[in-house]
K.L.:
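Dropping a structure here in structure tokens format, bear with me for questions.
A, B, ... follow the sequence lines: proteins, then strands. Residue 1 opens every chain.
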Amino acid sequence: MEQKLSKAYEPHDVERKWYQMWQTSGYFRADENSKKPHYSIVIPPPNVTGVLHMGHALNNTLQDILCRWKRMSGCEVLWMPGTDHAGIATQNVVEKQLDNEGRDRHAIGREAFVARVWQWREESGGQIIQQLKRLGASCDWERERFTMDEGLSTAVREVFVRLYEDDLIYRANRLINWCPRCHTALSDLEVEHEDKQGHLWHLRYPVIGSDRFMIVATTRPETMLGDSAVAVHPEDERYQDLVGKKVLLPLVDREIPIVADEYVDKDFGSGAVKITPAHDFNDFELGKRHNLEEINIFDESGIVNENGGPYFRQERYEARANVVADLENRGLLAKVDSYENAVGECYRCKTVIEPYLSLQWYVKVGPLAAEAIKAVQQGDTRIVPQQWEKTYFEWMYNLQDWCISRQIWWGHRIPVWYCAECDELTVSRENAEVCSHCGSAAISQDTDVLDTWFSSALWPFSTMGWPEQNETLNKFYPTSCLVTGFDILFFWVARMMMMGLKFMQDVPFKDVYIHALVRDALGQKMSKSKGNVIDPLHVIDEYGADAFRFTLTSFAAMGRDIKLSTERIAGYRNFCNKLWNASRFALMNLENFDPSGIDLNELELSDADRWILTRLEETIRQTGQALDGYKFNEAASTLYAFTWHNFCDWYIEMAKDDLYGDDRQARQRVQNVLFTVLEQLLRLLHPFIPFITEEIWQVLPGERPCETIMQAEFPDGAGLPTDTVGAERMELVMEVIRAIRNIRGEMDVPPGRQVAALLNCKSGRSQQILEEGSAAIRVLGKVGELTIGQSLAPPEQSATQVAGDVEISLPLAGLVDVAEEEKRLQKEIAKVQKDIDLFAKKLSNEKFVANAPAHVLEKDHGKLRDAEEKMAVLQESLGKIQALK
RNA sequence: AGGCACGUAGCUCAGUGGGAGAGCACUACCUUGACACGGUAGGGGUCGGCAGUUCAAUCCUGCCCGUGCCUACCA
């Protein structure tokens with residue numbers, strides 16, 4: 001008994017052993033000087049704070065499949081790995097640590113804080129990289145990058161300065177999304193909108209010089225402290241006489257005008273709107289049109305400032321309660337309705353966003369977006385699946401300028417210096433010492449850092465050494481494919497497109513493959529708070545990385561989310577085990593087998609051989625096509641079906657007879673085919689399940705052409721002796737076996753018991769095929785006495801089935817009772833009758849016959865004929881059976 | 001409000017203008033010398049509803065119902 005492989009596949013040691021070998025031997029390394037065609041992918045850099053979650057696992061499994069496949073297909077592959085400094089997220093992590101120590105970042109100061117973040121990154125930032133390795137990711141780790149690396153920081157500065165010089169970066173005082181907890185501006189994308197149940201308060205503002213009141217409705221009554229007008233629609237008859245008059249703003253007793261503006265919806269509420277330019281985006285715009293005062297009533301923590309009169313120093317919700325109570329006491333609260341509206345929250349800490357007036361840096365995206373749109377329209381970059389193109393365009397056309405300054409400490413500091421003497425700006429690639437305008441040394445750098453996504457946008461070329469021109473960029477830019485989830489299509493993909501086109505004059509990637517989101521078994525997003533997270537590392541521990549990868553791949557159908565549960569993973573663990581055991585079987589029967597120098601084309605192959613080789617060639621073709629089209633699930637199911645249902649269920653079972661028999665030549669022939677199929681199958685499967693395939697491949701008999709399966713060629717089917725006619729012949733044998741098994745199963749014949757069978761063939765061809773396949777029929781059908789011929793008379797008492805033009809009869813006597821067989825036959829007859837009815841009806845339809853294409857007609861005629869022939873045999877048998885009763 | 005998906009076997013999902021598929025679950029039988037993480041056989045679906053195009057619709061078109069997601073400045 002062969003001792004090379006254990007009885008069941010045990011992934012742990014295998015995974016560790018081979019990953020280490022691959023990495024230390026440098027098989028993941030990309031050579032920019034290679035003459036081979038290039039293939040490159042940049043990893044979507046996970047946050048340095050991150051731990052591997054299902055999304056990463058899927059994302060990186062797919063990338064690894066592509067990279068391993070391309071590497072085996074003769075490409076020089078660069079898979080560029082790295083991590084993202086994740087400004088706000090990382091700062092929050094370290095701030096939390098400080099908080100646990102009873103300190104905050106202001107107490108230790110900027111420099112110490114940043115040093116502390118770096119220290120944290122050194123200690124625990126590499127976690128996710130180690131986890132990617134557990135998954136089998138074949139990244140070129142020697143090139144690992146971090147967005148805060150010196151090189152990438154240089155690229156960030158270069159880009160900032162050049163955009164500034166091209167008037168594509170500017171500074172403006174506007175309303176921005178402000179997180180009162182993170183104390184920073186956020187871009188529009190970093191705000192998540194969620195519908196929340198709240199209230200709509202209707203407030204009464206007294207009109208000056210009149211006894212009338214304007215009723216205004218608001219979801220945020222505290223902002224009335226900053227109101228600078230009440231607006232109505234210009235054509236609203238109710239208020240025609242009031243426009244131009246003033247109301248007295250309650251509580252703070254300020255006089256504010258009543259203005260007319262088209263923005264107001266006459267039919268909503270009272271038709272009058274309170275206008276707070278400093279705290280609402282619409283009001284801000286309206287305020288600009290009417291030249292209204294912008295009164296900021298909050299500080300950066302969302303606490304009422306000195307403009308809030310009596311509410312000074314109250315937190316915003318506290319102020320809200322007090323404002324409402326005070327208004328009510330004065331009879332100025334008309335009514336309160338329940339109201340649901342969308343509230344903006346910080347995407348990092350979920351704090352409710354405050355629209356806040358402040359001076360920030362912006363990227364003017366218009367000209368950049370125009371190029372990014374054009375590139376996709378022209379097909380320079382292809383988005384797969386294509387449906388996402390529409391989403392991409394939709395967003396690109398409606399793009400607002402991008403707020404890139406963040407009031408945090410962890411990130412790329414904005415390379416702008418302000419002069420205390422001449423008030424001019426110095427924008428510089430190097431750290432500035434003196435003002436570029438007046439030469440004064442009294443300059444200070446902007447305290448803000450850049451949005452994390454600013455550096456991410458440069459990732460495809462900054463990681464390759466840009467702004468330096470080098471061979472890596474020449475060879476590997478633009479990248480071949482970007483694999484990512486749709487959740488960062490805007491955050492990241494769109495911005496890489498803009499920056500790549502601007503600075504490399506070429507798209508950053510030829511293809512963008514957008515994959516699904518991984519959800520839990522109930523279809524909910526996995527999150528810590530819901531407690532429904534499946535940890536990929538636990539999955540790998542329990543089922544092995546290969547089973548996990550194959551599961552994800554099998555579910556990675558386009559355009560649908562993946563609902564993952566551990567039961568599903570077990571199924572693919574079983575698949576790995578099946579492959580393992582099939583390999584064990586092969587190895588046991590390949591002892592002393594030497595695969596060298598034998599050409600399958602020179603062997604006298606059996607129909608079974610021809611069949612499996614033909615199926616293999618088909619599988620190779622289908623797998624390649626599926627991968628070409630990013631149809632990962634199709635590739636996976638093709639391979640699954642071939643491995644299990646063709647190779648294991650049929651070929652191995654049929655091979656046993658020859659392997660165990662005395663015919664040395666037959667044995668060698670089968671060994672050759674068995675070896676060939678298994679060896680190629682392992683190579684086909686390697687991109688998907690790299691560990692187990694390496695482990696088996698390494699112990700195959702004979703000399704290996706290279707040290708690792710990673711370097712072996714991906715099968716292309718060339719040289720395989722395919723033979724569709726031979727394969728069809730085998731199908732008849734298989735059909736006969738299935739028919740015999742069907743009778744046995746239906747009639748409850750014990751599996752161990754042999755039966756006699758009589759195969760009555762209508763053609764000499766069938767007879768000849770079955771005679772050749774008789775060994776398989778005997779073994780797989782558990783047939784003892786086997787009679788094959790033409791015009792045979794079946795025994796009086798027998799069970800009958802039909803396969804093609806072959807009538808199969810198993811003598812009943814002593815096996816089963818007549819009633820059972822009658823039942824079985826009637827069931828079978830009912831099935832066939834359904835077919836006959838269907839096709840007879842179709843073919844008697846004149847319109848169908850007149851219009852349907854010839855091949856359809858021919859096929860249906862054939863099917864009707866087959867069904868009728870089958871019916872005749874079954875009816876005859878039924879008659880005989882009934883006669884016995 | 002707009003946009004995009006989705007609705008197929010008990011569950012999770014593939015799929016195609018020409019007789020409905022897989023995995024899991026289920027039923028029966030089987031420790032046969034690769035594998036019980038296994039084998040063989042079997043049951044199970046008016047392919048969301050209603051119209052239309054077509055010789056032919058689960059697939060194309062329209063409407064409706066239901067479910068998700070994304071984008072959006074209606075207080």
Side-chain angles (χ1 to χ4, degrees), chain A residues 1-2 5 7-9 188 193 200 216-220 223 231 263-265 267-276 280-286 339 341-342 355 387-388 390-391 394-395 398 486-487 489-490 517 519 521 523 525 543 547 554-555 557 559-565 567-568 570-589 633-634 637 640-641 645 648-649 652-653 656 660 738 741-752 779-780 782 834-835 838-839 842 845-853 855-857 859-860 863-864 867:
Chain A
M1 172 96 169
E2 181 64 59
L5 303 181
K7 188 168 174 180
Y9 175 56
D188 295 341
H193 295 272
L200 190 62
V216 295
T218 179
T219 52
R220 303 197 50 202
T223 62
Y263 155 72
V264 180
D265 178 357
D267 301 323
F268 187 90
S270 64
V273 192
K274 62 188 276 303
I275 302 298
T276 322
D280 182 281
F281 289 99
N282 293 310
D283 295 6
F284 181 78
E285 295 298 321
L286 192 147
Y339 196 72
N341 69 333
Q387 69 201 50
W388 289 105
K390 198 164 178 179
T391 312
E394 195 69 26
W395 190 72
N398 297 309
F486 60 81
D487 49 334
L489 181 63
F490 305 140
L517 246 43
R519 299 173 178 280
K525 215 167 173 173
Y543 299 98
S554 299
F555 282 97
R560 199 195 282 252
D561 289 345
I562 299 174
K563 291 184 197 163
L564 193 75
S565 69
E567 295 93 79
R568 288 177 226 302
Y572 291 98
R573 185 264 325 265
N574 296 353
F575 172 72
C576 291
N577 197 54
K578 189 75 180 174
L579 176 67
W580 181 257
N581 277 294
S583 304
R584 285 180 66 220
F585 170 82
L587 288 168
M588 285 178 195
N589 290 287
N633 61 315
E634 277 183 25
S637 69
Y640 183 102
H645 301 308
C648 293
D649 287 351
I652 285 184
E653 292 307 323
K656 283 176 180 172
Y660 298 153
R738 276 193 214 100
R741 284 169 166 180
N742 170 261
I743 296 174
R744 296 182 58 113
E746 293 275 288
M747 308 302 273
D748 283 333
V749 178
V779 174
L780 301 189
K782 288 271 164 52
K834 257 171 84 179
D835 287 355
L838 181 80
F839 290 107
K842 259 177 110 171
N845 183 339
E846 284 172 28
K847 286 182 180 170
F848 172 68
V849 177
N851 290 296
H855 73 273
V856 173
L857 283 172
K859 210 175 92 190
D860 285 0
K863 282 176 174 170
L864 180 59

K.L.:
What is the distance, rounded to the nearest whole Å, between atom CZ of A:Arg741 and atom C1' of B:A41?
P.N.:
9 Å

K.L.:
How far, in whole Å, is B:U8 from B:G15 if one measures between their P atoms?
P.N.:
14 Å

K.L.:
Could you tell me the Watson-Crick or G-U partner of B:A1, where both distances fall under 3.5 Å? Say none if there is no partner.
P.N.:
B:U71

K.L.:
Measure CZ/A:Phe490 against P/B:C69 and give the value in whole Å, please.
P.N.:
16 Å

K.L.:
CG of A:Asn398 versus P of B:A1: gap in Å, rounded?
P.N.:
19 Å

K.L.:
Mind checking if A:Val216 touches a base, just sugar-phosphate, or nothing, with heavy atoms under 4.0 Å?
P.N.:
nothing

K.L.:
Taking donor-acceptor contacts at under 3.5 Å, does the side chain of A:Glu394 reach the base of B:A72?
P.N.:
no

K.L.:
Answer yes or no: does a side-chain N or O of A:Tyr339 lie under 4.0 Å from OP1 or OP2 of B:A75?
P.N.:
yes

K.L.:
Within the structure, does a side-chain N or O atom of A:Asn742 lie under 4.0 Å from either OP1 or OP2 of B:G42?
P.N.:
yes

K.L.:
So which nucleotide from B:C55, B:A14, B:C30 ends up closest to the side chain of A:Asn633?
P.N.:
B:A14

K.L.:
OP1 or OP2 of B:G23 less than 4.0 angstrom from a side-chain nitrogen or oxygen of A:His645, does that happen here?
P.N.:
yes

K.L.:
Does A:Asn589 put a side-chain nitrogen or oxygen below 4.0 Å from OP1 or OP2 of B:A34?
P.N.:
no

K.L.:
For B:C4, take OP1 and OP2 only and decide whether either is under 4.0 Å from a side-chain N or O of A:Lys390.
P.N.:
yes

K.L.:
What nucleotide among B:A34, B:C55, B:G38 has an atom nearest to a side-chain atom of A:Lys847?
P.N.:
B:C55

K.L.:
Measure from the side-chain heavy atoms of A:Lys842 and tell me the nearest of B:U40, B:G18, B:G42.
P.N.:
B:G18

K.L.:
Any donor and acceptor pair, going by atom type alone, linking the side chain of A:Asn851 with main-chain N or O of A:Lys847 inside 3.5 Å?
P.N.:
yes

K.L.:
Look at all strands and tell whether A:Asn341 reaches a base, only sugar-phosphate, or nothing, counting heavy atoms closer than 4.0 Å.
P.N.:
sugar-phosphate

K.L.:
What's the closest nucleotide to the A:Tyr660 side chain, out of B:A34, B:A75, B:C37?
P.N.:
B:A34

K.L.:
Any side-chain N or O of A:Lys863 under 4.0 Å from OP1/OP2 of B:G18?
P.N.:
no

K.L.:
May I ask you to check if A:Lys656 and A:Phe585 form a cation-pi contact, with NZ or CZ under 6.0 angstrom from the six-membered ring centre and within 45° of the axis?
P.N.:
yes

K.L.:
Consider the side chain of A:Glu653, meaning its heavy atoms from C-beta on, and name the nucleotide among B:C55, B:C35, B:A75 that approaches it most closely.
P.N.:
B:C35

K.L.:
Pick base, sugar-phosphate or nothing for A:Ile652, based on heavy-atom distances below 4.0 Å to the nucleic acid.
P.N.:
base

K.L.:
Determine the Euclidean distance between corresponding P atoms of B:G39 and B:G49; express it in Å to zero decimal places.
P.N.:
36 Å

K.L.:
Would you say the side chain of A:Arg573 and the base of B:C37 hold a donor-acceptor pair, judged only by whether the two atoms sit under 3.5 Å apart?
P.N.:
yes

K.L.:
Among B:G23, B:A75, B:C55, which nucleotide sits nearest the side chain of A:Ala852?
P.N.:
B:C55

K.L.:
For a quick check of understanding: with a heavy-atom distance under 4.0 Å over all strands, which category does A:Lys274 fall into, base, sugar-phosphate or nothing?
P.N.:
nothing

K.L.:
Could you tell me whether A:Ala850 contacts a base, only the sugar-phosphate backbone, or nothing, with contacts defined as non-hydrogen atoms closer than 4.0 Å?
P.N.:
nothing

K.L.:
Rounded to whole Å, please give me the gap between CG in A:Asp265 and P in B:A75.
P.N.:
10 Å

K.L.:
Measure from the side-chain heavy atoms of A:Lys782 and tell me the nearest of B:C73, B:G3, B:U32.
P.N.:
B:U32

K.L.:
To the nearest Å, give me how far apart OH (A:Tyr9) and C1' (B:C35) are.
P.N.:
16 Å

K.L.:
Please give the distance between the C1' atoms of B:U54 and B:G62 as a whole number of Å.
P.N.:
16 Å

K.L.:
When you measure from the side chain of A:Thr218, which nucleotide among B:A41, B:A36, B:A75 comes out closest?
P.N.:
B:A75

K.L.:
Any base atoms under 4.0 Å from A:Phe268, or only sugar-phosphate, or nothing? Heavy atoms, all strands.
P.N.:
base

K.L.:
Would you measure the distance from the P atom in B:U16 across to the matching atom in B:C29 and give it in whole Å?
P.N.:
40 Å

K.L.:
Give none if B:U27 has no partner; otherwise give the nucleotide forming a Watson-Crick or G-U wobble pair with it, both distances under 3.5 Å.
P.N.:
B:A41

K.L.:
Please measure how far the P atom in B:A72 lies from the corresponding atom in B:C65, and state the result in whole Å.
P.N.:
27 Å

K.L.:
Can you tell which of A:Ile743, A:Val749, A:Asp748, A:Asn742 makes a side chain to side chain contact (heavy atoms under 4.5 Å, CB included) with A:Glu746?
P.N.:
A:Asn742

K.L.:
Look at all strands and tell whether A:Tyr572 reaches a base, only sugar-phosphate, or nothing, counting heavy atoms closer than 4.0 Å.
P.N.:
nothing

K.L.:
Determine whether the aromatic ring centres of residues A:Tyr543 and A:Tyr572 are separated by less than 6.0 angstrom.
P.N.:
no

